[in-house]
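Down below is the structure, laid out as structure tokens.
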Amino acid sequence: MLPWTALSLALSLRLALARSGAERGPLASAPQGDLLLLLDSSASVSHYEFSRVREFVGQLVALLPLGPGALRASLVHVGSRPHTEFPFNQHNSSQAVQDAIRAAAQRMGDTNTGLALAYAREQLFAEAMGARPGVPKVLVWVTDGASSDPVGPPMQELKDQGVTVFIVSTGRGNLLELSAAASAPAQKHLHFVDVDDLHIIAQELRGSILDAMQPQQLYASEVTSNSFRLAWPPLLTSDSGYYVLELVPSAGPGATRRQQLPGNATDWTWAGLDPDSEYDVVLLPESNVHLLKPQHLRVRTLPEEAGPERIVISHARPHSLRVSWAPALGPVAALGYHVQLGPLSGGASQRVDVPAGRNSTTLQGLTPGTAYLVTVTAAFRSGHERALSAKACTPVGERPRAQHPGSQWAVAGE
């Protein structure tokens with residue numbers, strides 16, 4: 001009878017465990033998100049320091065659930081110019097990412113962190129680089145604290161678009177500047193650690209990254225001049241209720257916009273908004289199981305970025321012409337312009353970069369008697385661009401110069 005008793009106990013235990021699992025519900029799925037690792041690879045970092053940082057980053061990603069249906073990682077170097085070691089869609093496993101990090105070589109050059117941050121912002125939202133729309137974005141910046149260009153403005157733009165920023169400094173950075181650059185609260189998002197002790201913070205940083213990938217409350221991201229995206233944790237299911245979203249202009253009386261969403265929704269994008277305006281958002285979870293508190297948020301859209309308004313073609317010669325334009329006059333100043341010109345019939349095009357203080361340039365090396373399309377594009381710090389195009393044509397030959405009236409009379413009098 002003992003074998004039967006043992007079998008009966010084993011079956012009872014398995015049934016109890018199954019019931020317990022059913023009561024807990026299914027295991028939570030791995031968090032989804034895009035993680036961008038920004039490493040100081042400039043000459044201000046010694047080869048030894050870079051090797052230790054590279055080792056730490058490899059240890060960090062080994063602790064994270066990387067994969068196509070979970071977190072994706074990308075590595076960008078800070079140097080004279082930013083460089084992508086690998087984009088989000090290149091490696092589909094934790095081991096592949098670790099191998100790629102170990103193979104990364106130091107780039108050297110200047111420490112242009114601000115330029116790298118603007119580049120990182122583009123990478124975090126570029127689907128061509130494997131970035132996924134609608135998932136949380138996290139930036140981990142490992143630095144020795146030095147930078148050759150301003151860090152504050154591009155970092156603020158990242159945070160304005162909903163990116164969570166963690167900073168790991170190896171001890172020589174300015175505390176106040178780095179505290180302002182990191183996401184709030186700085187105590188959770190900023191770490192000062194000696195380069196030989198980086199492994200001490202690996203577990204804590206892992207937990208913070210996973211928390212950022214699974215937001216606990218309503219938040220806004222992908223903010224533009226006329227839209228923003230909202231996301232929230234799964235508070236309901238499709239069977240337990242629905243959500244009501246309300247949007248009201250903060251500045252004064254205005255029409256309240258409402259949107260009802262199913263209980264399994266976790267995001268929504270408001271579009272058609274006014275630039276540089278504040279809006280109050282309320283998320284109302286309407287549950288038929290238990291009472292849930294509404295969540296509130298205030299979001300400001302970005303100022304409007306105005307592009308060039310008018311293009312003027314002048315001084316047309318068989319091999320050159322001058323392009324002028326009315327500069328962008330919106331509240332956000334353009335960082336600069338680029339002028340692109342190509343034959344309408346097809347062929348190679350040329351591009352000229354023009355600094356923000358100028359609004360004209362002369363294009364050389366053109367073909368006589370050819371129609372061209374000229375495009376002037378204003379580039380902004382946010383990464384957005386605004387363009388305007390016009391047609392231009394080079395003459396077949398040099399135009400004869402008009403004679404001075406005095407010369408004509410002199411000839412006539414002879």
Side-chain angles (χ1 to χ4, degrees), residues 80-84 109-110 112 114-116 118-119 121-123 125-126 128-129 149-150 153-154 157 224-226 275 302-412:
S80 296
R81 298 187 64 83
H83 173 76
T84 299
D110 295 331
N112 292 327
L115 183 65
Y119 177 80
R121 191 206 64 79
E122 296 175 2
Q123 303 299 294
F125 296 98
M129 302 300 291
D149 58 350
E157 287 167 6
T224 71
S225 60
N226 56 19
L302 300 180
E304 189 171 15
E305 298 165 330
E309 296 183 358
R310 184 176 67 257
I311 295 178
V312 177
I313 308 296
S314 62
H315 299 81
R317 302 286 186 267
H319 298 286
S320 66
L321 54 83
R322 188 166 187 79
V323 180
S324 306
W325 58 91
L329 298 177
V332 179
L335 290 179
Y337 302 89
H338 53 260
V339 181
Q340 189 159 355
L341 175 141
L344 285 174
S345 58
S349 62
Q350 62 169 286
R351 167 173 161 161
V352 176
D353 292 324
V354 181
R358 294 173 50 193
N359 67 326
S360 65
T361 188
T362 299
L363 303 173
Q364 306 279 355
L366 309 184
T367 303
T370 303
Y372 290 92
L373 179 68
V374 181
T375 302
V376 179
T377 304
F380 297 91
R381 185 174 291 279
S382 66
H384 298 156
E385 295 183 339
R386 298 290 183 268
L388 185 66
S389 298
K391 294 180 181 179
C393 188
T394 53
V396 175
E398 291 285 354
R399 296 176 182 173
R401 295 184 179 181
Q403 291 183 318
H404 192 277
S407 300
Q408 293 176 351
W409 284 112
V411 172

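Numbering starts at 1 and runs along the sequence shown.
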Drop me the distance from [X]'s [atom1] to [Y]'s [atom2], to the nearest 0.5 angstrom.
X      : Y      : atom1 : atom2 : value
Thr367 : His319 : OG1   : NE2   : 8.0 Å
Thr361 : His338 : OG1   : NE2   : 13.0 Å
Tyr337 : Arg386 : OH    : CZ    : 13.0 Å

(request) Please check if the side chain of Asn359 supplies one atom and the backbone of Ser324 the other of a donor-acceptor pair under 3.5 Å. (result) no
(message) Checking the side chain of Gln340 only, and the main-chain atoms of Thr377 only, is there a donor and an acceptor separated by less than 3.5 Å?
(response) no
(request) Sequence neighbours left out, what passes side chain to side chain donor-acceptor pair (under 3.5 Å) with Thr362? Give chain and number order. (result) Arg322
(request) Could you tell me which residues satisfy side chain to side chain donor-acceptor pair (under 3.5 Å) with Thr84, sequence neighbours excluded, listed by chain and number? (result) Tyr119
If every non-hydrogen atom of [X] is compared with every non-hydrogen atom of [Y], which pair is closest and at what distance?
X      : Y      : value
Ser360 : Val354 : O-CG1, 4.2 Å
Pro343 : Thr370 : CB-CG2, 4.2 Å
Ala116 : Pro82  : CA-CB, 3.9 Å
Ile313 : Lys391 : CG1-O, 4.1 Å
Thr375 : Ser389 : OG1-OG, 2.8 Å
Gly114 : Asp149 : N-OD1, 2.8 Å

With a 4.5 Å cut-off on side-chain heavy atoms, are [Y] and [X] touching?
X      : Y      : value
Leu302 : Glu157 : no
Thr394 : Pro318 : no
Leu341 : Leu366 : yes

(message) What verdict does the side-chain contact (heavy atoms from CB on, under 4.5 Å) test give for Leu363 and Tyr372, after you've listed the backbone C-alpha separation in whole Å, the side-chain angles of each residue and the deciding distance to 0.1 Å?
(response) CA-CA 11 Å; Leu363 303 173; Tyr372 290 92; over 6 Å; no
